[in-house]
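First comes the structure, then the notes that go with it.
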Amino acid sequence: MFFAVISIFPEMFCAISDYGVVGRALKNQQATLQLINPRDFTNDNYRRIDERPFGGGPGMVMMAQPLEKAILYAKELALAAGCDVAGGGCPVVYLSPQGRTLTESMVADMPKLDGMILLCGRYEGIDERLLQRYVELEISIGDYVLTGGELPAMVLMDSVIRRLPAVMSDEASAQQDSFVDGLLDCPHYTKPLDFHGDMVPEVLLSGHHANIAKWRFLQQVKRTQLRRPDLWRAFVPTKQQAKWLKDLESLD
Ligand SMILES: CN1CCN(c2ccccc2CNc2ccc(C(N)=O)cn2)CC1
């Protein structure tokens, strides 16, 4: 999957390109990341990418022209990477507090895209005319304000890249199916057996895979009911899960 990021701080993206599952996916070319700095697309000697806001007020606004040139360059790279740019296969995505709040179900649909061009705002934001002309999708990672769109862009890329078929292990993707979107995760345990006298739930040591799957699902249910009743109300169980739910009363 193709990712282009337009940011005045491209160096920040080593945080995802140099580590872990996403770093490996980029190294293995299972996903590609093109970092584009709008400063390289300015046409004045001072490489200006920001200016004072019309109408006054504090701070600066990012100018339309350098960002436009950066976006058009990103589209060229996307085309060269085989993305169906004209067909909407590589949308320009703007990370902003005004965007649609990102959820796992939105993320689940994104690997179907050929790629994404991520636009990272700084200062007080970006000239509205650039946004109206080029932005196809506006996304927020939550109801809070950050100093820039770079961290939200990294959050979005991490959430999508981990779900790419080539990246997710077969076991994990099987688990992904059973880990129903919309429930919180179950507790996890590993060595040592005894941690300050706290032991591991017996069922997990039984080797009885059906009982273990049932116990994990019921733990997910219990946690979701307790911590996120909103998610629990929206949850639709499979037939097997509906059977397990009948035994919930017997859960400790
Ligand atoms: C002081 N101003 C800095 C710039 N900012 C702004 C304004 C418009 C676009 C991007 C930004 C970058 N900030 C973001 C970005 C995303 C999120 C999110 N929730 O996804 C939170 N913040 C408005 C506030």
Side-chain angles (χ1 to χ4, degrees), residues 1-17 19-20 22 31 33-42 46-75 78 90-111 113 115-163 181-182 184 228 230-231:
M1 188 167 177
F2 172 88
F3 289 92
V5 168
I6 296 172
S7 165
I8 59 171
F9 297 130
E11 299 80 5
M12 284 180 73
F13 289 83
C14 70
I16 58 167
S17 64
Y19 304 93
V22 173
L33 175 57
Q34 295 279 357
L35 300 172
I36 300 168
N37 189 335
R39 273 200 210 288
D40 299 336
F41 297 87
T42 52
Y46 303 95
R47 290 163 54 88
R48 287 209 74 94
I49 45 107
D50 62 315
E51 263 296 355
R52 310 252 342 116
F54 281 127
M60 306 291 271
V61 174
M62 296 183 85
M63 297 164 74
Q65 285 107 329
L67 290 174
E68 175 174 54
K69 292 200 182 85
I71 288 170
L72 295 177
Y73 175 63
K75 286 175 180 280
C90 188
V92 174
V93 178
Y94 182 46
L95 291 309
S96 102
Q98 286 73 40
R100 185 172 159 208
T101 305
L102 188 67
T103 63
E104 192 66 25
S105 55
M106 285 164 68
V107 171
D109 289 339
M110 291 176 177
L113 295 168
M116 303 170 112
I117 297 170
L118 306 180
L119 182 57
C120 301
R122 282 264 157 184
Y123 304 101
E124 293 316 302
I126 294 177
D127 188 304
E128 187 63 16
R129 293 165 295 177
L130 184 282
L131 302 176
Q132 292 301 324
R133 185 171 289 269
Y134 290 104
V135 171
E136 294 158 81
L137 186 56
E138 193 161 348
I139 288 179
S140 166
I141 61 167
D143 289 337
Y144 40 82
V145 176
L146 303 168
T147 54
E150 283 80 8
L151 288 172
M154 286 187 250
V155 165
L156 176 59
M157 284 191 282
D158 187 295
S159 70
V160 174
I161 292 173
R162 66 175 288 276
R163 293 184 69 115
D181 283 346
L184 300 182
R228 292 293 303 274
D230 59 312
L231 290 181

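First listed ligand is number 1; within each ligand, the first listed atom is number 1.
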Taking atom [atom1] of [X] and atom [atom2] of [Y], what is their separation to the nearest 0.5 Å?
X: Tyr123; Y: Glu51; atom1: OH; atom2: CD; value: 11.0 Å
X: Ile36; Y: Lys69; atom1: CD1; atom2: NZ; value: 14.5 Å
X: Ile126; Y: Ile6; atom1: CD1; atom2: CD1; value: 8.5 Å
X: Arg48; Y: Gln65; atom1: CZ; atom2: CD; value: 12.5 Å
X: Asp158; Y: Leu156; atom1: CG; atom2: CG; value: 9.5 Å

Hey, looking at [atom], which of [options] has the closest heavy atom?
atom: atom 12 (C) of ligand 1; options: Pro58, Gly148, Ser96; answer: Gly148
atom: atom 18 (C) of ligand 1; options: Gly99, Cys120, Ser140; answer: Ser140
atom: atom 10 (C) of ligand 1; options: Leu95, Val61, Leu151; answer: Leu95

Atoms of ligand 1 less than 4.0 Å from Gly121 heavy atoms?
->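 Close to Gly121: 12 (C).
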Can you report which non-hydrogen protein atom sits closest to [atom], along with the distance?
atom: atom 5 (N) of ligand 1; result: Leu146 O, 3.9 Å
atom: atom 6 (C) of ligand 1; result: Pro97 CD, 4.2 Å
atom: atom 19 (N) of ligand 1; result: Gly142 O, 2.8 Å
atom: atom 24 (C) of ligand 1; result: Val145 CG1, 3.4 Å
atom: atom 9 (C) of ligand 1; result: Tyr94 OH, 2.9 Å

Tyr123 contact mode with ligand 1 (heavy-atom cut-off under 4.0 Å) =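 Under 4.0 Å from ligand 1, Tyr123 contributes backbone atoms alone.
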Could you please spell out the steps behind the side chain to side chain contact (heavy atoms under 4.5 Å, CB included) verdict for Arg122 and Thr147?
-> CA-CA 6 Å; Arg122 282 264 157 184; Thr147 54; 3.5 Å; yes
Asp230 atom CG, neighbour heavy-atom count above 12 within 6.0 Å |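 Correct, the count exceeds 12.
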Does an N or O from [X], backbone or side chain, lie closer than 3.5 Å to an N or O of ligand 1?
X: Ile141; result: yes
X: Gly149; result: no
X: Tyr144; result: yes

Side-chain (Glu136) to main-chain (Val92) donor-acceptor, under 3.5 angstrom |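 Indeed, once roles are kept as given, a pair shorter than 3.5 Å links the two residues.
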Ion pair check, Arg163 and Glu104, cut-off under 4.0 Å =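 A salt bridge links Arg163 with Glu104.
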